[in-house]
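Report on one structure; see the data block that follows.
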Amino acid sequence: MTQQSELIKQAEHFVKEVLSGEASGHDWWHIERVRNTALEIARKEQADVVVCELAALLHDVADEKLNDSKEAGLEKVRIWLRGHTADSGLIDHVMEIISTMSYNGGRNPPMKTLEGQVVQDADRLDALGAIGIARTFAYSGAKGRIIHDPELSHEVLAQEDYRSNNKSAIYHFYEKLLKLKDLMNTSYARELAEQRHAFMELFLQQFYSEWTMRDQRASNEKHDD
């Protein structure tokens, strides 16, 4: 087994220990999907697969949503890397990707490297489509957010802090998920995002159709009278 293969194996073990059973949609299986997607994109875009795989594996260990602070999460990853590899260039590259790849309300600067673009695309793709919908409701439930409140306008909700738990699961589609298709970095990720984005639009159409069923029935009864 090569040093790189052993490093990846150790990273897998570390991440499984930290994130297995995590109930907000940032569990080991999210990491596994992001890793696999990142590797697929990396091969298409000719990026460094070792950097992409390692960053994909470790990215949510540092997530500020799962740590006391962003700095604390990053330090956890940095300490682990320093304890498992002497390649300072690899450490710096992985840390740069992890520290800047999150959506953060759309305020983070563009990724500096192709590998960063690849891992960011893979993570964003896992927030789209059927998986993205499932993760949205899992995260909302874990944070005590309601599903939907039609009396709260998007203008009012937009005034809340991005991390606020006073928002609804459905609003998250508009503040983030439906924007991701146009924020993909790589051409291959843009192809993958199209279908997933379209599926979410169909889901929202069905959701609103079912949500308003009572109002439609009341309207029909009124016309029947």
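All figures in this text were calculated on a predicted structure; none of them were measured in a lab.
Nearest heavy-atom pair, D121 versus A189, reported as atom, atom and distance to 0.1 Å: OD2-CB, 3.3 Å. In plain terms, the two heavy atoms of Y174 and I170 that are nearest each other are CD1-O, 3.4 Å. In this structure, L39 and V49 approach most closely via the heavy-atom pair CD2-O, 3.8 Å. In terms of heavy-atom proximity, A169 sits nearest to F137 at CB-CE2, 3.5 Å. When every heavy atom of A11 is checked against every heavy atom of L58, the shortest pair comes out as CB-CD2, 4.5 Å. Closest non-hydrogen pair, G129 versus F199, comes out as C-CD2, 4.0 Å.
There is a path of hydrophobic side-chain contacts, each under 4.5 Å, that joins V51 to V61. Grouping the Ile, Leu, Val, Met, Phe, Trp and Tyr side chains by contacts below 4.5 angstrom, directly or via other members, places L90 with V119. Taking hydrophobic clusters as Ile, Leu, Val, Met, Phe, Trp and Tyr residues chained together by side-chain heavy-atom distances below 4.5 Å, V34 does not share a cluster with V94. Residues M111 and V50 do not share a hydrophobic cluster, clusters being chains of Ile/Leu/Val/Met/Phe/Trp/Tyr side chains in contact below 4.5 Å.
Within the model, atoms OG of S209 and CG of L204 stand 12.0 Å from one another, a figure rounded to the nearest 0.5 Å. Annotation: the span from K176 atom NZ to L128 atom CG amounts to 9.0 Å, rounded to 0.5 Å. Between the CG atom in L114 and the OG1 atom in T186 there is a gap of 8.0 Å [rounded to 0.5 Å]. Summarising the geometry, atom SG belonging to C52 is positioned 10.0 Å from atom CD belonging to E45; distances are rounded to the nearest 0.5 Å. With rounding to the nearest 0.5 angstrom, the NZ atom of K167 is 9.0 Å from the NE2 atom of H172. The structure places OG1 of T212 at 10.5 Å from OH of Y208, a figure rounded to the nearest 0.5 Å.
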Next item on the list: Decide yes or no on side-chain hydrogen bond (donor to acceptor under 3.5 Å, both in side chains) for E22 and S24, but give the supporting numbers first.
Entry: CA-CA 6 Å; E22 207 287 321; S24 73; 2.8 Å; yes

Next item on the list: Using the side-chain contact (heavy atoms from CB on, under 4.5 Å) rule, take W28 and L57 through it: C-alpha gap first, then chi angles, then the decisive distance, then the call.
Entry: CA-CA 9 Å; W28 161 250; L57 283 168; 3.9 Å; yes

Next item on the list: Report the C-alpha distance between W80 and K76 in whole Å, list the side-chain angles of each, state the deciding distance to 0.1 Å, and finish with yes or no for side-chain contact (heavy atoms from CB on, under 4.5 Å).
Entry: CA-CA 6 Å; W80 186 89; K76 184 190 300 183; over 6 Å; no

Next item on the list: Any chance you could lay out the side-chain hydrogen bond (donor to acceptor under 3.5 Å, both in side chains) test for E201 and Q205, step after step, and finish with the verdict?
Entry: CA-CA 6 Å; E201 289 185 320; Q205 291 176 20; over 6 Å; no

Checklist line | Working for side-chain contact (heavy atoms from CB on, under 4.5 Å), residues L180 and R196 | finding: CA-CA 10 Å; L180 294 179; R196 300 187 188 202; over 6 Å; no

Item checked: Test log, rule salt bridge (Lys or Arg N to Asp or Glu O under 4.0 Å), inputs R35 and E32 -> CA-CA 5 Å; R35 185 256 292 271; E32 174 76 345; 2.8 Å; yes

Check: Hey, mind stepping through E115 and I97 against side-chain contact (heavy atoms from CB on, under 4.5 Å) and telling me if it holds?
Finding: CA-CA 8 Å; E115 289 72 26; I97 292 172; 4.0 Å; yes

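Each of R124, R190, Q120 was evaluated against N185; a single residue qualifies, Q120, per the side-chain hydrogen bond (donor to acceptor under 3.5 Å, both in side chains) test. Tested against H93 for a side-chain hydrogen bond (donor to acceptor under 3.5 Å, both in side chains), the candidates D87, T113, D48 yield a single pass: T113.
In this structure, the side chain of H13 does not engage the main chain of Q10 through any donor-acceptor pair within 3.5 Å. Using modelled atom types, one side-chain atom of T100 and one backbone atom of E96 make a donor-acceptor pair closer than 3.5 Å.
The number of heavy atoms from other shown groups lying within 6.0 Å of CD (Q195) does not exceed 12. Taking a 6.0 Å sphere around CD of Q4, one finds it holds 12 or fewer heavy atoms contributed by other residues, nucleotides or ligands.
Side-chain contact check for L7 versus Q3: every heavy-atom pair is 4.5 Å or farther apart. Side-chain contact between D149 and S168: absent, with no pair of heavy atoms (C-beta onward) separated by less than 4.5 Å. Under the 4.5 Å side-chain criterion, counting only non-hydrogen atoms from C-beta, M184 is in contact with L125.
The aromatic ring centroids of H148 and F207 lie less than 6.0 Å from each other.
Salt bridge status for K9 with E6: absent, with no side-chain N to carboxylate O gap under 4.0 Å.
Checked against side-chain contact (heavy atoms from CB on, under 4.5 Å), R135 has the following partners two or more places apart in sequence or in another chain: H26, H30, R33, D126, A127, I131.
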